[in-house]
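Everything on this sheet refers to the single structure shown next.
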Amino acid sequence: MPELPEVETVRRGLQPVLEGSIIEHVETRRPDLRYPFPEKFVDRISGRRIASLGRRAKYLTAHLDGGPVLICHLGMSGSFRVEASAGDRTPGEFHHPRSKDTAHDHVVFHVATQDGEKAQVIFNDPRRFGFMLLSEEATWREHPMLAGLGVEPTGNTLDGDLLSDLFRGRTAPLKAALLDQRLIAGLGNIYVCEALWRAGLSPRRAAGTISAKPGGRSARSDRLAQAVRDVIADAIAAGGSSLRDYVQADGSLGYFQHSFSVYDREGQACKRPGCSGIVQRLVQSGRSTFYCPTCQR
DNA sequence: AAGTGAACCTGAAGGC
DNA sequence: TGCCTTCAGGTTCACT
């Protein structure tokens with residue numbers, strides 16, 4: 001579910017509450033999510049102060065003073081919400097856009113904030129594809145689950161030249177290459193579809209065909225790199241996309257889904273000015289792809 | 001090696 | 001109303 005923009009939105013929502021907070025107690029309400037919780041999970045993080053919250057690709061990281069790094073993946077349906085502790089509640093505070101599903105509250109972090117308030121940060125995940133890991137501050141980027149991740153599509157690292165190199169020689173379709181977290185880390189099904197539409201490239205095109213000869217330039221790889229960076233930046237600015245069960249950390253909704261050009265728009269008109277195409281859906285490696293066959297080549 | 005598809009799990013939505 | 005099928009933002013693993 002959550003792709004990079006949604007995870008970044010969650011990070012920004014949790015940051016004001018969690019940074020500088022003390023984790024007083026942790027409840028794990030079942031022995032596992034996608035994987036069993038790490039050994040002594042509760043003991044290793046209880047009593048620690050959260051120095052900072054970070055993100056790598058679709059992973060959230062909580063860096064604990066003098067302790068481990070808590071690494072969290074939201075899977076398809078994971079979300080966090082924050083509740084003030086009983087006694088601090090004000091009427092109407094729980095007017096969330098969606099009724100609470102406490103049956104899938106799997107982890108509850110009881111924290112004391114910097115302001116001396118008590119709060120609960122609750123991880124909810126109906127499908128349980130999410131997971132939590134612990135690593136060490138010095139080496140967390142080399143954790144087996146994160147070691148192979150590719151370049152972040154944020155910032156200016158990903159440019160046409162790099163993308164050209166990453167895709168050179170690959171015969172897999174662009175759709176699959178963009179989803180490959182070992183190449184670019186953080187894109188998912190929605191933003192890959194959207195980036196390909198923005199770049200005017202077919203999701204079925206072999207990835208290697210946008211590459212320049214080594215040392216040369218390719219207009220297609222320039223366009224695609226820019227499209228990827230733009231769509232991710234735009235989605236973060238909009239607070240991510242809210243579909244089905246996804247809600248931001250503060251209970252509010254992101255609104256990028258109203259900006260979709262192709263995703264979930266099968267049968268509707270292409271939004272590119274001057275294009276009269278109709279958005280098609282196809283299945284690639286078991287997942288839906290949405291694109292305009294008229295203007296995406 | 002690279003690429004494709006199944007598996008993991010639950011809930012929502014649509015068809016009959 | 002109820003039952004059945006299909007689909008969903010992700011990742012790993014097994015197989016060709």
Side-chain angles (χ1 to χ4, degrees), chain A residues 1-10 29-36 55-60 71-80 98-106 123-133 143-150 153 166-195 203-209 211 231-232 235-236 238-248 253-260 262-267 281-290:
Chain A
M1 125 191 159
E3 305 181 33
L4 188 156
E6 290 72 38
V7 177
E8 178 60 20
T9 299
V10 170
R29 298 186 172 172
R30 47 175 302 128
D32 55 40
L33 296 170
R34 175 172 179 174
Y35 307 116
R55 179 192 56 73
R56 169 73 170 112
K58 302 173 191 174
Y59 293 83
L60 276 173
I71 302 169
C72 178
H73 197 290
L74 301 177
M76 288 280 268
S77 58
S79 64
F80 281 101
R98 179 177 304 276
S99 62
K100 268 191 299 178
D101 157 36
T102 57
H104 298 101
D105 288 350
H106 302 311
F123 180 72
N124 181 288
D125 185 6
R127 293 178 73 179
R128 261 183 284 126
F129 288 167
F131 52 91
M132 296 188 186
L133 311 167
H143 187 286
M145 304 285 305
L146 285 74
L149 292 172
L166 288 172
F167 284 5
R168 184 170 295 112
R170 294 189 179 268
T171 59
L174 278 175
K175 172 77 186 298
L178 288 167
L179 280 174
D180 189 338
Q181 304 294 300
R182 298 168 301 181
L183 303 177
I184 303 170
L187 301 181
N189 207 33
I190 292 177
Y191 298 113
V192 165
C193 292
E194 294 296 311
R204 314 171 75 154
R205 170 191 281 271
T209 65
S211 294
V231 75
I232 292 298
I236 290 173
S241 304
S242 308
L243 288 81
R244 301 180 179 81
D245 47 2
Y246 174 69
V247 180
Q248 275 177 224
L253 299 166
Y255 51 88
F256 190 78
Q257 68 275 16
H258 303 301
S259 303
F260 289 166
V262 285
Y263 186 81
D264 208 18
R265 293 193 65 246
E266 182 182 18
R281 173 183 179 271
L282 68 112
V283 175
Q284 291 178 293
S285 41
R287 319 199 54 195
S288 289
T289 296
F290 299 89

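Just so it is clear: chains get the letters A, B, ... in the order the sequence lines come, proteins before strands, and each one is counted from 1.
- Every side-chain hydrogen bond (donor to acceptor under 3.5 Å, both in side chains) that T209(A) has, sequence neighbours left out, goes to R205(A).
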Are there any protein N/O atoms within less than 3.5 Å of an N/O atom in nucleotides 9-11 of chain B, and if so, which ones and at what distance?
from    : atom 1 : to      : atom 2 : distance (Å)
dC9(B)  : O3'    : R128(A) : NH2    : 3.0
dC9(B)  : O2     : R127(A) : NE     : 2.9
dC9(B)  : N3     : R127(A) : NH2    : 3.2
dT10(B) : OP1    : R128(A) : NH2    : 2.4
dT10(B) : O3'    : H104(A) : NE2    : 3.4
dG11(B) : OP1    : H104(A) : NE2    : 3.3

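- Of all heavy-atom pairs spanning V7(A) and P2(A), the tightest one is CG2-CB, 4.0 Å.
- Using a 4.5 Å heavy-atom threshold, the side chains of L4(A) and R55(A) count as touching.
- For R287(A), there are no side-chain hydrogen bond (donor to acceptor under 3.5 Å, both in side chains) partners two or more places apart in sequence or in a different chain.
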Stepwise side chain to side chain contact (heavy atoms under 4.5 Å, CB included) test for V192(A) and L174(A): CA-CA 9 Å; V192(A) 165; L174(A) 278 175; over 6 Å; no
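- Comparing the P positions of dG5(B) and dC7(C) gives an interatomic distance of 15 Å, to the nearest angstrom.
- Scanning for side-chain hydrogen bond (donor to acceptor under 3.5 Å, both in side chains) contacts around H106(A) gives an empty result, with sequence neighbours left out.
- Listed by chain and residue number, F80(A) satisfy the ring-ring contact (aromatic ring centres under 6.0 Å, His included) test with F123(A) (two or more places apart in sequence, or in another chain).
- Going from atom CG of L178(A) over to atom C1' of dG10(C) covers 16 Å, rounded to whole Å.
- Residue K58(A) places at least one side-chain N or O under 4.0 Å from the OP1 or OP2 atom of dG10(C).
- The side chain to side chain contact (heavy atoms under 4.5 Å, CB included) check on A176(A) picks up A172(A), P173(A), with sequence neighbours excluded.
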Between the protein and nucleotides 14-16 of chain C, list every N/O to N/O distance that falls short of 3.5 Å.
none

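- Atom pair E6(A):CD and dG9(C):P shows a separation of 11 Å (rounding to whole Å applied).
- Among Y191(A), F256(A), F290(A), the one residue that satisfies the ring-ring contact (aromatic ring centres under 6.0 Å, His included) test with Y263(A) is F290(A).
- Both key distances under 3.5 Å define a Watson-Crick or G-U pair, and stretches of 3 or more such consecutive pairs in DNA chain C run B:2-8 with C:10-16, B:10-16 with C:2-8.
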Hey, mind stepping through R34(A) and H73(A) against side chain to side chain contact (heavy atoms under 4.5 Å, CB included) and telling me if it holds? CA-CA 10 Å; R34(A) 175 172 179 174; H73(A) 197 290; over 6 Å; no
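- To the nearest angstrom, C1' of dT6(C) lies 16 Å from CZ of R287(A).
- Atoms CD (E3(A)) and C1' (dT11(C)) sit 13 Å apart, rounded to a whole Å.
- The base of dT12(C) does not come close enough to the side chain of R34(A) for any donor and acceptor atom to sit less than 3.5 Å apart.
- A 4.5 Å side-chain heavy-atom check between R56(A) and L149(A) finds at least one atom pair inside the cut-off.
- For I232(A) and dG9(C), the CD1 to P distance is 15 Å, given to the nearest whole Å.
- Annotation: side-chain hydrogen bond (donor to acceptor under 3.5 Å, both in side chains) contacts of K175(A) (sequence neighbours excluded): N189(A), T289(A).
- In terms of modelled atom types and a separation under 3.5 Å, the side chain of E3(A) and the main chain of G186(A) share no donor-acceptor contact.
- Nucleotide dT11(C) holds its C1' atom 17 Å from the CE atom of M132(A), rounded to whole Å.
- Within the 4.0 Å cut-off from OP1 or OP2 of dG10(C), not a single side-chain nitrogen or oxygen of Y59(A) is found.
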What's touching nucleotides 2-5 of chain B from the protein side, N or O pairs under 3.5 Å?
from   : atom 1 : to      : atom 2 : distance (Å)
dG3(B) : OP1    : T171(A) : N      : 2.8
dG3(B) : OP1    : T171(A) : OG1    : 3.3
dG3(B) : OP1    : A172(A) : N      : 2.9
dG3(B) : OP2    : R170(A) : NH1    : 3.4

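- The gap from the P atom of dC9(B) to that of dA14(C) amounts to 16 Å, rounded to the nearest Å.
- With sequence neighbours left out, F167(A) forms a ring-ring contact (aromatic ring centres under 6.0 Å, His included) with no residue at all.
- The nearest whole Å value for the distance from the OH atom in Y35(A) to the C1' atom in dC8(B) is 9 Å.
- Among residues two or more places apart in sequence or in another chain, the side chain to side chain contact (heavy atoms under 4.5 Å, CB included) test is passed with D105(A) by R29(A), R81(A), T102(A), I122(A), N124(A).
- Between the CG atom of L183(A) and the P atom of dT11(C) there is a distance of 13 Å, given to the nearest Å.
- F256(A) comes within 4.0 angstrom of no nucleic acid atom, judged by non-hydrogen atoms across all strands.
- The phosphate of dA8(C) has OP1 or OP2 within less than 4.0 Å of a side-chain N or O from S288(A).
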